[in-house]
Amino acid sequence: MSAVVTDHEHEHHDHKPSGIKRWLYTTNHKDIGTMYLVFALIMFFIGGAMAMVIRAELFQPGMQFVEPNFFNQMTTVHGLIMVFGAVMPAFTGLANWMIPMMIGAPDMALPRMNNWSFWILPFAFLILLMSLFMPGGGPNFGWTFYAPLSTTYSGDSTALFVFSVHIMGISSIMGAINVIVTIFNLRAPGMTWMKMPLFVWTWLITAFLLIMVMPVLAGVVTMVLTDKYFGTSFFDAAGGGDPVLFQHIFWFFGHPEVYIMILPAFGIVSSIVPTFARKPLFGYASMVYATSSIALLSFLVWAHHMFTTGMPVAGALFFMYCTMLIAVPTGVKVFNWVATMWRGAMTFEVPMMFALAFIVLFTIGGFSGLMLAITPADFQYHDTYFVVAHFHYVLVTGAVFSIIAAAYYWLPKWTGHMYDEKLGQWHFWCSLISVNMLFFPMHFVGLAGMPRRIPDYALQFADFNAFISIGGFLFGASQLIFVAVLVKCARGGEKATAQVWEGAEGLEWEVPSPAPYHTFETPPVIK
Amino acid sequence: MSKTYEKYYVPAQSPWPIVGAVALFLIAFGAGNYVNEVTRQQPGYGGYMLAAGFVVLIFMLFGWFKNVIDESMSGLYSAQMDRSFRQGMSWFIVSEVMFFMAFFGALFYGRVIALDWLSGGSNNAMTFEILWPSFEAMWPLLKTPGGIETQAMPATGLPMINTAILLLSSVTLHFAHTGLEQNKRSQLKIMLLVTLLLGATFLGLQVYEYIHAYRDLGLTLASGFYGNTFFLLTGFHGMHVTLGAIILLFVFFRVLKGHFTPEKHFAFQAAAWYWHFVDVVWLCLYVFVYVI
Ligand code: HEM
Ligand SMILES: [Cu+2]
């Protein structure tokens with residue numbers, strides 16, 4: 001075993017290039033991870049601002065501030081930004097930072113491609129955001145861009161939308177290839193499969209899902225493009241196609257996509273809970289198998305988004321049962337987290353608080369998912385605010401909370417400083433209360449029949465909506481506390497030790513804080 | 001894997017990815033505008049941006065690959081590094097397979113489900129009665145419910161010859177590979193050249209077939225679901241053959257310059273995998289688009 005060769009072999013090993021070129025030209029997994037995370041945060045606020053527009057409009061019934069067309073652009077671009085610009089890049093950033101450190105690798109396997117995967121993303125979103133200023137406005141057909149909304153009835157910005165989605169897809173696929181190859185090929189000696197931290201496992205499976213479904217998304221946007229501009233009729237029955245075909249292809253991508261946004265979250269929670277319970281994770285192997293079976297099943301459930309399209313009963317039943325089956329491995333996970341805490345010596349620092357909130361609130365989202373999975377019930381719930389409540393519980397209090405938890409958990413390792421615990425607790429409690437004010441009542445208005453993606457609503461929903469909007473503004477404001485914590489921690493603070501957390505175990509906690517620019521130039525030996 | 005963990009080369013910095021990002025931006029933004037300009041016959045700059053994007057992309061590819069080749073030739077790459085490249089390429093091909101699957105899936109759906117439902121199958125009796133009572137389900141779909149008519153592309157004749165050509169090119173490429181592995185350089189060169197010529201012939205015949213389709217058969221991109229799937233599947237396949245041929249061309253030049261050894265020839269291997277993959281896609285395509 002000899003050391004890693006880099007161009008700077010003879011220089012001090014912590015040498016960093018300086019200036020803007022460091023960021024533009026970098027091949028360092030930590031730099032790239034940081035860029036992904038900062039980008040995701042910026043996108044989170046841009047997408048969040050759009051959510052504020054939506055909630056302002058819905059604060060009262062009737063038309064208040066914006067035109068319906070603009071409202072539709074806001075819901076569409078909010079969804080696209082949060083999914084492809086905030087949650088996915090944030091997870092990729094965490095993967096970049098943590099996976100090489102967790103498996104004892106010198107860097108990501110394909111460092112130059114890593115840089116490319118990142119830098120095309122800001123351009124993709126630049127295009128998407130610019131399309132909002134075109135004559136006729138940006139995309140307004142919902143993040144799911146159902147045909148014929150996106151074909152027959154869409155505006156001129158559709159082509160820009162299509163190509164920007166292509167770039168997002170290319171970025172995700174390259175990122176996923178890098179993750180898989182790093183994990184397969186760059187583990188330190190002794191880092192066997194079943195010793196890998198769960199964050200690495202969940203990301204490995206996520207990367208597999210990405211490679212399988214992002215190309216399908218590319219395919220379906222291409223068909224939208226040709227249907228709209230070049231006279232094909234994939235989604236037009238008059239030409240022998242079928243608009244429902246759009247939904248099949250989209251959701252074949254879309255359902256695995258939602259797992260892409262939650263599996264890394266499972267990995268994060270599985271890292272944090274044992275640390276603060278000071279016990280090893282309960283049921284490690286079952287976690288690995290549960291993750292794999294969730295991933296496989298996720299290819300067989302897509303049509304639960306389409307129960308109301310008039311599919312044959314046999315199809316509806318098949319998709320209903322497969323969907324419910326996914327709840328089993330998901331339940332295994334929740335059980336394991338709870339069992340890990342059982343009789344643990346727990347403390348409640350901010351990462352743990354967010355992880356605990358994740359477990360409870362994600363489970364609520366899982367339960368509403370089960371309700372939606374019941375075909376006849378879904379006829380009632382479909383396209384109402386109940387669905388909005390469901391996916392915001394799994395995505396905001398699920399994916400986003402896990403990302404925030406991860407940020408608090410690993411910030412000391414990244415910056416070398418402890419974050420401000422008190423401010424962090426404020427951030428947590430403000431977020432927790434406001435997020436539930438924001439999303440919980442959506443269940444009620446949804447069950448009562450309030451449709452989603454409509455800028456106006458019937459009078460009987462007024463009180464709940466005002467309350468929801470207040471929750472929304474508070475949640476938005478609470479995230480400013482997060483920025484304050486991040487800035488403070490980046491600038492200084494109490495010096496962090498290598499281990500940071502008393503109960504933390506794993507390779508990343510054996511290197512100093514902040515982690516040196518190049519971590520394992522010589523692979524560590526794993527006991 | 002303990003014994004192989006040595007010398008993992010991490011390049012310090014590279015300007016190429018950001019150049020490539022700018023290229024993709026120009027391509028996407030240019031194409032997004034160009035599509036509107038072409039279909040609406042408006043003047044604009046989209047086409048120029050698109051072209052500029054491709055120029056920058058080609059510039060980037062040259063620079064990037066030059067760096068990689070130099071590093072590889074100066075012996076910086078270990079066996080482990082080579083594995084990274086191989087695995088990366090394999091997963092890339094998996095993603096390509098899934099891209100084609102989207103279109104094959106659409107073809108399957110259109111033929112098996114949409115056709116049946118349009119002619120009143122499943123619970124769609126009224127769709128048929130009210131919307132298109134004169135519609136007749138058939139494949140190839142020679143008359144759409146809306147009334148567009150076309151002729152089918154036969155499976156025999158040119159497409160069959162093309163299938164043989166592409167299959168043969170996979171075989172010759174295989175012999176080029178064995179030539180490389182056994183260090184028979186002239187076999188390598190000749191077989192690679194033959195592969196390239198076969199690939200070019202295939203592309204030429206495809207162009208001829210497209211002209212025939214448009215001019216004689218009335219089969220166009222816009223002639224309903226049959227034309228849609230026909231042109232998008234063969235079109236994307238053709239683009240992949242073109243790309244594969246360009247890659248092989250560069251590999252050929254490198255062979256002429258004396259690159260690659262029997263043990264180390266990742267670039268050759270990757271190009272060959274890609275070519276074989278494109279070949280397999282054609283086989284599926286020939287069966288599902290032309291024959292069945
Ligand atoms: C127990 C597991 C889950 C079940 C049974 C489930 C079930 C469902 C069902 C049946 C729908 C369709 C509702 C409708 O449109 O009528 C739905 C929508 C949705 N689910 Fe889930 N789900 C689960 C977990 C998740 C997770 C983990 C995520 C993401 C992290 C997620 C994200 C979404 C999203 C984004 C939508 C709405 C998509 C849209 O129409 O815009 N779900 N879910
Ligand atoms: Cu789903």
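Letters A, B, ... are given to chains in the order of the sequence lines, protein chains preceding strands, and every chain is numbered from 1. Just so it is clear, the model here is predicted, and its values are computed rather than measured.
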Tell me, side chain or backbone of [X] under 4.5 Å from chain A's heavy atoms, or both, or neither?
{"X": "Trp64(B)", "answer": "side chain"}
{"X": "Val22(B)", "answer": "both"}
{"X": "Arg86(B)", "answer": "neither"}
{"X": "Glu71(B)", "answer": "side chain"}
{"X": "Met89(B)", "answer": "neither"}
{"X": "Ile148(B)", "answer": "neither"}

For Asp31(A), the option from Tyr517(A), Tyr25(A), Tyr36(A) that meets side-chain hydrogen bond (donor to acceptor under 3.5 Å, both in side chains):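 With Asp31(A) as partner, Tyr517(A), Tyr25(A), Tyr36(A) yield a single side-chain hydrogen bond (donor to acceptor under 3.5 Å, both in side chains), made by Tyr517(A).
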
Return the option, out of [options], with the maximum number of heavy-atom pairs under 4.5 Å with chain A.
{"options": "Ser90(B), Ala31(B), Gly105(B)", "result": "Ala31(B)"}
{"options": "Leu232(B), Ile113(B), Asn228(B)", "result": "Asn228(B)"}
{"options": "Gln87(B), Arg40(B), Glu96(B)", "result": "Gln87(B)"}
{"options": "Gly110(B), Pro145(B), Gly227(B)", "result": "Pro145(B)"}
{"options": "Ser14(B), Ala102(B), Ala222(B), Gly224(B)", "result": "Ser14(B)"}
{"options": "Ile18(B), Thr39(B), Asn36(B), Thr144(B)", "result": "Asn36(B)"}

Test applied, ring pair (Phe, Tyr, Trp, His ring centres under 6.0 Å); reference residue, Phe231(B); option that passes from Tyr214(B), Tyr226(B), Phe225(B):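 That would be Tyr214(B); it is the only one of Tyr214(B), Tyr226(B), Phe225(B) passing the ring pair (Phe, Tyr, Trp, His ring centres under 6.0 Å) with Phe231(B).
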
Criterion ring pair (Phe, Tyr, Trp, His ring centres under 6.0 Å) against Phe236(B), the qualifying member of Phe104(B), Phe100(B), Phe99(B), Phe230(B):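 One option only clears the test, and that one is Phe99(B).
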
Spacing of CG belonging to Leu210(A) relative to CD belonging to Glu257(A), to within rounding of 0.5 Å: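 So the gap between those two atoms works out to 7.0 Å.
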
Interatomic spacing from OG in Ser72(B) to CZ in Phe266(B) - rounded to 0.5 Å: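 If we round to the nearest 0.5 Å, Ser72(B):OG and Phe266(B):CZ are 10.0 Å apart.
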
Can you tell me which portion of [X] sits under 4.5 Å from chain B's heavy atoms? Options are side chain, backbone, both or neither.
{"X": "Thr226(A)", "value": "side chain"}
{"X": "Thr222(A)", "value": "side chain"}
{"X": "Ile211(A)", "value": "both"}
{"X": "Ile249(A)", "value": "side chain"}
{"X": "Leu24(A)", "value": "both"}

Charged tip of Arg187(A) within 45° of Trp193(A) ring normal and under 6.0 Å: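 Judged by the rule (NZ or CZ under 6.0 Å from the ring centre, within 45° of its axis), Arg187(A) counts as positioned above Trp193(A).
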
Could you tell me whether the side chain of [Y] reaches within less than 4.5 Å of the side chain of [X], counting heavy atoms only?
{"X": "Thr151(A)", "Y": "Asp236(A)", "value": "no"}
{"X": "Phe118(A)", "Y": "Phe39(A)", "value": "yes"}
{"X": "Met174(A)", "Y": "Ile170(A)", "value": "yes"}
{"X": "Phe59(B)", "Y": "Phe62(B)", "value": "no"}
{"X": "Ile32(A)", "Y": "His29(A)", "value": "no"}

Geometric class of the Phe25(B)/Phe123(A) ring pair [parallel <30°, tilted 30-60°, perpendicular >60°]: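 Rings of Phe123(A) and Phe25(B): tilted, as their planes differ by 30° to 60°.
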
Side chain to side chain donor-acceptor pair (under 3.5 Å) partners of Asn114(A), counting only residues at least two apart: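 Applying side chain to side chain donor-acceptor pair (under 3.5 Å) to Asn114(A) gives Asn96(A).
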
For chain A, which residues of residues 128-143 of chain B have heavy atoms nearer than 4.5 angstrom: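 Those residues of residues 128-143 of chain B which have a heavy atom under 4.5 Å from chain A are Trp132(B), Leu141(B).
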
